[in-house]
Asker: 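Shown below is the structure under consideration.
Counting begins at 1 with the first residue of the sequence. As a basis for the values below, the full set of heavy atoms in this structure was taken, side chains included, without hydrogen atoms, waters or symmetry mates. All ligand and atom numbering here is 1-based and tracks the order in the structure.
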Amino acid sequence: MTRISTGVPGLDQMLKGGFFPQTANLIEGAPGTGKTTLGMQFIHHGITACDEPGIILTFEEFPRQYYHDAAGFGWDLPGLEAQNKLRVVMSSPEISLNELQRVGGMLEQHAAAIGAQRILVDSISHFERIVADRAALREAVFGFVNGLKRLGLTILLTRESGSLFGGDPNAAHELAFLVDSYILLRYVEIDSEMRKALLVLKQRGSDHARDIRQYEITAQGAVVQARFKGQHGLMSGSPTPSPADAFGEAFGRTRASRAE
Ligand SMILES: Nc1ncnc2c1ncn2[C@@H]1O[C@H](COP(=O)(O)OP(=O)(O)O)[C@@H](O)[C@H]1O
Ligand SMILES: [Mg+2]
């Protein structure tokens, strides 16, 4: 089966090739972990490397903020819009939801006009604002995601996690069953240095890498690197050396002190 390449070096391998077509894929992380960057990269790569036009749907920033941030990575979004391969759309969750419920709605028109195959929705946290409770949130997101799937789009959803380190404990299972894959981004402090970690929590219908990888935002965009070695409790944000390493360290110290 064909896969939809994310365009993020290292991530496609973790996903055994990429996302499945016409699925909903959720990226969750604290502010600044790189959700928007990763999402723009997914859209930009789709257009420039896979000939798959895309839509960026935003509920928070003006399009010019995306143009500016993307330009920092060398991605020319206005140029792609001029070629009719991209639409950057600013809307509200209420309007987007309503528009998906009627034939020929705003998103359907954009998708048809450029032959869109991908969409970034940044971010679904804004749905939490328009619903009364958890059940209503699931219903809203479910309806929204299905509307986008009906348009034939492969969907990348971002979600802001509340706490800077670790995640809100409920987050992982709150919306997880509504999406086909779930990726977590985390800040991790190691040796007084701030690093970023990425974990593929689930991918429906396929195997995926289960280890926690280092992850960086470079001048070329997001890059997934090697796994974290010798650390324990990474997703809590404050890891400790894993037992084997702690043993090794202690053993090494013992040997060193004997040598003295
Ligand atoms: N051109 C660039 N080169 C390197 N890092 C960048 C560049 N532009 C932004 N960043 C960094 O990438 C991170 C980006 O975050 P962003 O994708 O906006 O996060 P989020 O959407 O999760 O809040 C920030 O920490 C920022 O410092
Ligand atoms: Mg963002």
Asker: Just jot down the ligand 1 atoms closer than 4.0 angstrom to any heavy atom of Thr33, in number order.
Answerer: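 This gives 19 (O), 22 (O) as the contact atoms.
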Asker: Is Arg118 positioned over the aromatic face of Phe42, cation under 6.0 angstrom from the ring centre and no more than 45 degrees off axis?
Answerer: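 Arg118 over Phe42 ring: yes.
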Asker: Verify the distance test for Thr158 against the Mg ion (ligand 2): any N/O/S atom under 2.8 Å, yes or no.
Answerer: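 False for Thr158.
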Asker: Do any nitrogen or oxygen atoms of Gly32 lie less than 3.5 angstrom from nitrogen or oxygen atoms of ligand 1?
Answerer: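 It does: an N or O of Gly32 is found under 3.5 Å from an N or O of ligand 1.
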Asker: Flag yes if Tyr187 and Val223 sit in one hydrophobic cluster, no otherwise; membership is Ile, Leu, Val, Met, Phe, Trp, Tyr, and two members link when side-chain heavy atoms are under 4.5 Å apart.
Answerer: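 No, separate clusters.
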Asker: List the steps and the verdict of side chain to side chain donor-acceptor pair (under 3.5 Å) for Gln214 and Arg195.
Answerer: CA-CA 7 Å; Gln214 297 193 54; Arg195 312 263 202 92; 3.0 Å; yes
Asker: So, is the end of the Arg138 side chain (NZ or CZ) under 6.0 Å from the ring centre of Phe142 and within 45° of the ring's axis?
Answerer: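 Because its charged atom misses either the 6.0 Å distance or the 45° angle limit, Arg138 does not stack over Phe142.
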Asker: When you measure from atom 3 (N) of ligand 1 to every protein heavy atom, which one gives the shortest distance, and what is it?
Answerer: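 Checked against all protein heavy atoms, atom 3 (N) of ligand 1 sits closest to Thr218 O, 3.6 Å.
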Asker: For atom 17 (O) of ligand 1, what's the nearest protein heavy atom and its distance?
Answerer: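 Protein heavy atom at minimum distance: Thr37 OG1, 2.6 Å.
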Asker: Suppose we measure from atom 1 (N) of ligand 1 to each protein heavy atom; which comes out shortest, and what is that distance?
Answerer: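 Nearest neighbour among protein heavy atoms for atom 1 (N) of ligand 1, to 0.1 Å: Gly72 O, 3.3 Å.
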Asker: Looking at ligand 1, is there an atom of it that comes within less than 4.0 Å of some heavy atom belonging to Ala30?
Answerer: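 It does, in that a heavy atom of Ala30 comes within the 4.0 Å cut-off of ligand 1.
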Asker: I need the atoms of ligand 1 closer than 4.0 Å to a non-hydrogen atom of Pro31, numbered in the order shown.
Answerer: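 Close to Pro31: 23 (O).
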Asker: Give me the atom names and distance for the closest heavy-atom approach of His208 to Gln203.
Answerer: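 In terms of heavy atoms, the two residues are closest at CD2-N, 3.6 Å.
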Asker: Evaluate the criterion side chain to side chain donor-acceptor pair (under 3.5 Å) for residue pair Tyr182 and Asn25; output intermediate values, then yes/no.
Answerer: CA-CA 6 Å; Tyr182 200 138; Asn25 306 280; over 6 Å; no
Asker: Determine, for Asp180 against Lys202, whether the closest basic-nitrogen to carboxylate-oxygen distance falls under 4.0 angstrom.
Answerer: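 No.
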Asker: Look at atom 9 (C) of ligand 1 and say which protein heavy atom is nearest, naming residue and atom and giving the distance to 0.1 Å.
Answerer: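 The answer is Phe73 CZ, 3.8 Å.
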Asker: Within a distance of under 4.0 Å, is there any protein heavy atom near atom 26 (C) of ligand 1?
Answerer: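 Neighbour list for atom 26 (C) of ligand 1 is empty of protein heavy atoms (cut-off 4.0 Å).
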Asker: State whether Phe20 and Arg3 meet the cation-pi test: NZ (Lys) or CZ (Arg) under 6.0 Å from the six-membered ring centroid, and within 45° of the perpendicular axis.
Answerer: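 Yes; both conditions hold, so Arg3 lies above the ring face of Phe20.
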Asker: Does Thr36, backbone or side chain, put an N or O under 3.5 Å from an N or O of ligand 1?
Answerer: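 Yes, Thr36 has an N/O under 3.5 Å of an N/O on ligand 1.
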Asker: Which residue holds the protein heavy atom closest to atom 12 (O) of ligand 1, what is that atom called, and what is the gap in Å?
Answerer: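 Here the nearest protein heavy atom works out to Ile217 CG2, 3.4 Å.
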Asker: For Arg64, does the CZ atom have more than 12 heavy-atom neighbours from other residues, nucleotides or ligands under 6.0 Å away?
Answerer: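 No, because the 6.0 Å sphere around CZ of Arg64 holds 12 heavy atoms or fewer from other groups.
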Asker: Of all the non-hydrogen atoms in the protein, which one sits nearest to atom 19 (O) of ligand 1, and at what distance?
Answerer: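 Going atom by atom, the protein heavy atom closest to atom 19 (O) of ligand 1 ends up being Gly34 N, 3.1 Å.
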